[in-house]
Amino acid sequence: MDNESIPKHIAFIMDGNGRWAKARHMPRKYGHKHGVDAMKRVIAACASIGIEIISIYAFSTENWSRPQDEIDELFKLVKRFADKELVEYAKDNYQVRFMGDLRRLPDDVRLSLDKISDAVKDNSGTIINIGLNYGSRDEIVRAVNSLISSGRDSVSVSDINAALDTCDLCDPDIIVRASGEKRLSNFMLWQAAYSEFIFIDDYWPDFTEETVNRIISEYRSRDRRYGGLKKA
Ligand code: IPE
Ligand code: IPE
Ligand code: MG
């Protein structure tokens, strides 16, 4: 693949874990567990084709409205993923970022995330960017408030870019949503200005390397014009 056809940044809205489990007459947590396995497959597939940034929406600011036992289960998986998998990614030179307001996360989870941030600080490889208690409106509000408290009375696009959780990442070239739903659910609203949207009917736990290849080939068929005219 030539350079232009490989996206630099791909973002995934994982979805359908619960429905995947339900179809198997299993509890929702079974779907979330398999969702973690899908995450590993997708990260490996993206990294192997040279994608530099992989963003994953793992827990939204709205997901707090789920039953407490599901929230507990999700954070148990997040902590396990950090302690087991992210530690290995750290050893393999991956960079790991988190976006979202981490202050609301359980203390033990925050501690695990801090350890990872420390372990990857000198790494230079593929970036895994995970959204936890992430909501795009909340991110924008936090950004604007931080600009206000730094004394600005007016702001530019680049000021806002620099104050977002994604400040040092380019905008996603592709935003993928699993499970056939066609909405952003408060994900990267600002950063999505010129992203290509790709909706996949498969539930997230069914995502494989082949799904990633399908996404890339769909992306390559798109004509990104950025408000200009089609390339000759
Ligand atoms: C995605 O799967 C995982 C999270 C949002 C944390 P869901 O849990 O939303 O699964 P469905 O959409 O109910 O099937
Ligand atoms: C979006 O999925 C949030 C994450 C993937 C973390 P949801 O399942 O929460 O979204 P809605 O409720 O269907 O819009
Ligand atoms: Mg869902």
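Just so we're clear, the structure is a prediction, and the values are computed from it rather than from any experiment. In each ligand, atom 1 is the first atom listed, and ligand 1 is the first ligand listed.
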Please determine whether a side-chain nitrogen of the Lys or Arg among Lys91 and Glu88 lies less than 4.0 Å from a carboxylate oxygen of the Asp or Glu.
yes

Given 3.5 Å as the limit, does a donor-acceptor pair link the side chain of His32 with the main chain of Leu74, or not?
no

Using side chain to side chain contact (heavy atoms under 4.5 Å, CB included) as the criterion, point out the one residue from Ile198, Val42, Val176, Asp173 that pairs with Ile10.
Val176

Quick one: does ligand 1 sit under 4.0 Å from the side chain of Lys22, the backbone, both or neither, non-hydrogen atoms only?
neither

Sort and list the pairs that fulfil salt bridge (Lys or Arg N to Asp or Glu O under 4.0 Å) and have at least one residue in residues 39-51, not counting sequence neighbours.
Asp37-Lys40, Lys40-Glu85

Between Asp118 and Lys115, is the closest basic N to carboxylate O distance under 4.0 Å?
no

Count the heavy atoms belonging to other residues, nucleotides or ligands that lie under 6.0 Å from CZ of Arg24, then report whether that count exceeds 12.
yes

For the Mg ion (ligand 3), every protein N/O/S atom that sits closer than 2.8 Å, waters excluded:
Asp15 OD1

Should we count NZ of Lys22 as having more than 12 external heavy atoms under 6.0 Å?
no

Exactly which residues line ligand 2, taking a heavy atom under 4.0 Å from it as the test?
Ile13, Met14, Asp15, Tyr57, Ala58, Phe59, Ser60, Asn63, Arg66, Arg177, Arg183, Ser185

Taking atom types as modelled and ignoring hydrogens, do the side chains of Ser158 and Asn161 form a donor-acceptor contact shorter than 3.5 angstrom?
no

Not counting sequence neighbours, which residues clear salt bridge (charged side-chain N to carboxylate O under 4.0 Å, His left out) with Arg66? List them please.
Glu70

Side chain Gln95, main chain Gly125, donor-acceptor under 3.5 Å:
yes

